[in-house]
Amino acid sequence: MRLKARCGHLTSKSYAEAHHGLCRRCHSSFAFLVELEEKNGEDALVQYWYQMIVENLPEDVNGHERKCLLNHLIDFYQRKLDEVPSKARYIQKMIYMLNSIRDPFDASKHA
């Protein structure tokens with residue numbers, strides 16, 4: 001029997017029940033991220049997200065879409081600071097990384 005998994009994709013009921021409600025693809029992606037963090041630490045996970053965000057940011061003429069997405073992500077992680085205090089160090093790194101993408105440092109302006 002197929003059903004809509006928690007991630008929104010169709011999968012078999014037995015697979016979803018055995019893997020926290022996720023389809024095969026999403027569970028595989030999640031397992032990859034967990035393994036990356038376990039083997040290499042939080043910094044590797046932050047670097048992974050930095051790379052994924054930079055590669056997938058919308059390319060618009062005036063940068064409005066990019067800044068809008070980055071602002072939403074920063075707001076999301078700001079809320080997470082209060083919700084998940086045990087992950088504050090990781091979340092603060094994510095916020096710093098997102099701010100550095102949104103407002104890159106220009107050394108020529110600070111010379």
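Every value quoted in this text rests on a predicted model; they were computed, and no experiment measured them.
The side chain to side chain contact (heavy atoms under 4.5 Å, CB included) search around L57 returns I53, R66, L69, L70, I101, not counting sequence neighbours. Scanning for salt bridge (Lys or Arg N to Asp or Glu O under 4.0 Å) contacts around R102 gives an empty result, with sequence neighbours left out. Scanning for side chain to side chain contact (heavy atoms under 4.5 Å, CB included) contacts around S12 gives S14, Y15, with sequence neighbours left out. Partners of A44 by side chain to side chain contact (heavy atoms under 4.5 Å, CB included), not counting sequence neighbours, listed by chain and number: L36, N40. In terms of the side chain to side chain donor-acceptor pair (under 3.5 Å) criterion, E38 has no residue partners (sequence neighbours excluded). Scored by the side chain to side chain contact (heavy atoms under 4.5 Å, CB included) test, H9 finds C7, C23, R25, C26 as partners (sequence neighbours excluded).
Follow the hydrophobic side-chain contacts under 4.5 Å out from L10 and you never reach L3; the two are in separate clusters.
Taking 4.5 Å as the limit, some side-chain heavy atom of V34 sits within range of a side-chain heavy atom of F30.
Pairs of residues two or more places apart, or lying in two chains, that qualify as salt bridge (charged side-chain N to carboxylate O under 4.0 Å, His left out) and include a residue from residues 2-19 are K13-E17. Screening residues 44-58 for side-chain hydrogen bond (donor to acceptor under 3.5 Å, both in side chains) gives Q51-E55 as the qualifying pairs, with residues at least two apart or on separate chains.
The minimum heavy-atom distance linking E37 with L45 is given by the pair OE1-CD2, 3.8 Å.
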Show me the donor-acceptor pairs within less than 3.5 Å that the side chains of residues 82-98 make with the rest of the protein, sequence neighbours left out.
unit_1: E83; atom_1: OE1; unit_2: K80; atom_2: NZ; d: 3.1
unit_1: K93; atom_1: NZ; unit_2: D43; atom_2: OD1; d: 2.2

